[in-house]
Enquirer: 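What follows is a structure written as structure tokens; I'll ask about it next.
All values derive from a computational prediction rather than experimental measurement. Every chain is numbered from 1, with letters handed out A, B, ... down the list of sequences.
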Amino acid sequence: MKQKNVLQKNNITMWSEEKIDRFRQTLLNWYDESKRDLPWRETTNPYYIWVSEIMLQQTQVDTVIPYYNRFIKTLPKISDLAEAPEETLLKLWEGLGYYSRVRNMKVAAIQIQKDFEGKFPENHKDVLTLKGIGPYTAGAVTSIAFNQTQPAVDGNVMRVLSRLFEIDLDISKVSTRKVFEEIIRHLIDPERPGDFNQALMDLGATICTPKNYFPETSPVKEFNASYLNETWEKYPVKKKKTKVTEKTFYTLMIKNEKDEYLYEKRPSKGVLAGMFTPIMINQETFKEQGWKLFNEEDDYNSIVRELEQYIAEVYKLKIKMNSQPKGILKHVFSHIKWEMIVFEALALEDNARFENLKWIHMSQFDKEMFPVPTQKVNNLVETLTLF
DNA sequence: AACCCGTGGTT
DNA sequence: TAACCAAGGGT
């Protein structure tokens, strides 16, 4: 029995060597003329390439640029990253999201100091051992910084290739990436692998986009089977996401006599792990615990009395809440939607002394790292007069 | 394999 | 507006 390779299994016919050569030339010529000027394209320093690739995970180029510039300016060497306190790193990352990315980078920087004598590893397998670096990022860094012929298959590349070859595999599945990597191993330019990978991504980001895709404007349209067959609207195939769940929180901005506000550090796992928010009480959990004498509608009086009692019992803190919410804020995550019913409150005695609680004065807000939902609450409260 | 993890921009 | 999307990785 003859063993079928990955491409044969998926009914993908690879181009001839001659066609592959023409494709490389066409794509790289287009890239040389049309590539975007990006700060991380001014260097081959693997550390800087690494930083950019981590920031670019699930994040748009325009968002990343200022973060990237500030990050490498503040921490110009891997050793700086390895030695930086977590608060410094989180402040540099504030607003970018997916905060485990920067925590993992610190872990990886320490790995590099320990296992690779402080020098970013060149071996692809070594790179993959670094925390937070997966198949895409390993391929990106080794191809761009070290000119290795490694595939770097991201969402752009899968979209471009699925249209070029009319591939109907579901690109939301992790296993699909391997098929596209095999295609890239055939196509990648051995002289300029990093540029080749980046060219495909630029093409996906600027021309071969998800929407507003006009294939006749593509520099490689003659290679595009879905264009020639007028089937491009079918690609890429992507399973729809499940709906986001909604959660409602009574959110308490508690102020003491020193005009400081009370924040609570979230658990080390889960959403916004280890970050500060005001005290947030999940409405559902609250009800389940038997605090249910209130009815909703526009009368918050009974809710407020219960919340005051709850804070006294759970946090050992006497507070006086305003009887009406200051506002209702919404924040959408990738998979959750928060509704925050924000109340202002005064601490009648400053005896909240739990480890996870922290009083912070408004004048220190810009020095603290706050996730965006907390920033929204802060902004709301900054506009109000308490009592 | 399926789900978790932020945020901002578009349609 | 709800849904979708963006240079993914960890568990």
Side-chain angles (χ1 to χ4, degrees), chain A residues 35-36 38-41 49-68 90 93-105 107-108 127-141 143-145 150-160 170-178 180-181 184 194-206 208-213 236 238-246 266-275 277 330-338 369-376:
Chain A
K35 69 176 175 185
R36 295 171 289 176
L38 302 172
W40 45 90
R41 287 183 174 165
I49 305 293
W50 172 37
V51 171
S52 74
E53 291 299 341
I54 299 296
M55 287 186 172
L56 285 162
Q57 290 172 3
Q58 301 290 283
T59 310
Q60 312 224 50
V61 165
D62 290 345
T63 305
V64 165
I65 290 173
Y67 282 93
Y68 168 84
L90 287 171
W93 214 264
E94 182 183 42
L96 256 189
Y98 287 143
Y99 298 100
S100 65
R101 289 184 292 176
V102 70
R103 290 173 168 143
N104 287 341
M105 276 214 301
V107 173
V127 176
L128 268 177
T129 66
L130 298 174
K131 188 90 170 177
I133 295 192
Y136 163 75
T137 306
V141 176
S143 67
I144 296 170
Q150 294 287 350
V153 174
D154 72 333
N156 285 312
V157 173
M158 289 197 284
R159 182 171 60 255
V160 170
D170 181 357
I171 67 166
S172 68
K173 291 180 132 183
V174 178
S175 57
T176 301
R177 194 201 64 250
K178 296 182 193 299
F180 290 102
E181 284 175 348
I184 295 297
D195 285 345
F196 182 89
N197 284 336
Q198 293 187 87
L200 278 183
M201 291 190 272
D202 259 27
L203 185 68
T206 62
C208 191
T209 54
K211 295 166 185 173
N212 297 328
Y213 171 46
K238 193 172 186 181
K239 190 185 66 198
K240 284 178 184 165
K241 278 184 197 165
T242 52
K243 210 175 165 185
V244 300
T245 58
E246 302 188 18
R266 298 176 58 78
S268 58
K269 291 184 189 283
V271 179
L272 300 178
M275 333 215 76
T277 67
K330 295 182 191 304
H331 185 78
V332 182
F333 298 90
S334 50
H335 55 301
I336 313 169
K337 195 182 288 185
W338 278 6
M369 189 285 175
F370 288 126
V372 170
T374 303
Q375 292 176 15
K376 290 180 179 175

Enquirer: Which whole-number value in Å describes the distance from A:Ile49 CD1 to C:dA7 C1'?
Expert: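 In whole Å, C:dA7 C1' lies 12 Å from A:Ile49 CD1.
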Enquirer: A:Trp50 has an atom CH2; how far is it from atom P of C:dA7, in whole Å?
Expert: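 About 22 Å, once rounded to whole Å.
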Enquirer: Pairing donors with acceptors under 3.5 angstrom, does anything connect the side chains of A:Asn104 and A:Arg101?
Expert: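 Side chains of A:Asn104 and A:Arg101: no pair found under 3.5 Å.
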Enquirer: Starting the side chain at C-beta, find the nucleotide from C:dA7, B:dA1, C:dC5 nearest to A:Lys241.
Expert: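 Looking only at side-chain atoms, A:Lys241 lies closest to C:dC5.
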Enquirer: I'd like to know if the side chain of A:Arg36 and the backbone of A:Val61 have a donor-acceptor N/O pair within less than 3.5 Å.
Expert: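 Not confirmed, A:Arg36 side chain does not pair with A:Val61 backbone.
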Enquirer: Rounded to the Å, how far apart are A:Asn156 CG and C:dC4 P?
Expert: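 Atom CG in A:Asn156 sits about 19 Å away from atom P in C:dC4.
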Enquirer: On a whole-Å scale, what distance lies between the P atoms belonging to B:dT11 and C:dA7?
Expert: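 Their P atoms lie roughly 15 Å apart.
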Enquirer: Determine whether a donor-acceptor pair (one donor, one acceptor, N or O, separation below 3.5 Å) exists between the side chain of A:Arg177 and the base of B:dA1.
Expert: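 Answer no: no donor N or O sits under 3.5 Å from an acceptor.
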Enquirer: Contact class for A:Ala152 vs. all strands (heavy atom < 4.0 Å): base, sugar-phosphate, or nothing?
Expert: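 No contact at all - A:Ala152 keeps every heavy atom at 4.0 Å or more from the nucleic acid.
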Enquirer: Protein within reach of the bases, or only the backbone? For nucleotides 6-11 of chain B, mark each nucleotide 5' to 3' as B, S or -, using heavy atoms under 4.0 Å.
Expert: BBB--S
Enquirer: Test A:Gln58 against A:Tyr98 for side chain to side chain contact (heavy atoms under 4.5 Å, CB included), laying out the working first.
Expert: CA-CA 9 Å; A:Gln58 301 290 283; A:Tyr98 287 143; 3.8 Å; yes
Enquirer: In whole angstrom, give me the gap between the C1' atoms of B:dA1 and C:dG9.
Expert: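 The answer is 15 Å between these two C1' atoms.
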Enquirer: What are the two closest non-hydrogen atoms of A:Ile49 and A:Ala145, and how far apart are they?
Expert: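 Shortest heavy-atom contact: CG1-CB, 4.2 Å.
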Enquirer: On DNA chain C, does the nearest nucleotide to A:Lys240 precede the nearest nucleotide to A:Ala138 from the 5' side, or the other way round? Give the residue.
Expert: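 Comparing both residues, the 5'-ward one is A:Lys240.
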Enquirer: Please evaluate residues A:Leu272 and A:Tyr99 with respect to the criterion side chain to side chain contact (heavy atoms under 4.5 Å, CB included), reporting the C-alpha separation (whole Å), side-chain torsions for both, the decisive distance (0.1 Å), and the verdict.
Expert: CA-CA 8 Å; A:Leu272 300 178; A:Tyr99 298 100; 4.1 Å; yes
Enquirer: Rounding to an integer number of Å, can you tell me how far A:Ile184 CD1 sits from C:dA7 C1'?
Expert: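 Value for this atom pair: 13 Å.
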Enquirer: Could you check A:Leu38 against A:Leu130 and say which one's nearest nucleotide on DNA chain C is further toward the 5' end?
Expert: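 Here A:Leu38 is the residue nearer the 5' end.
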Enquirer: To check you understand the geometry: which heavy-atom pair defines the closest contact between A:Phe370 and A:Gln375, and what is its length?
Expert: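 Closest approach of A:Phe370 to A:Gln375, heavy atoms only: O-NE2, 2.8 Å.
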Enquirer: In whole angstrom, give me the gap between the C1' atoms of B:dG6 and C:dA6.
Expert: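 Between the two C1' atoms, the distance is 12 Å.
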Enquirer: Which dot-bracket notation, 5' to 3', represents the base pairing of DNA chain B when pairs are defined as Watson-Crick or G-U with both distances under 3.5 Å, crossing pairs as [ ], and inter-strand pairs as |?
Expert: .||||.|||||
Enquirer: Let me know the distance between NZ of A:Lys269 and C1' of C:dG9, rounded to the nearest Å.
Expert: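 Value for this atom pair: 15 Å.
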Enquirer: Taking CG from A:Leu203 and P from C:dA6, how many angstroms apart are they, rounded to a whole number?
Expert: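 Checked: the CG to P distance equals 13 Å.
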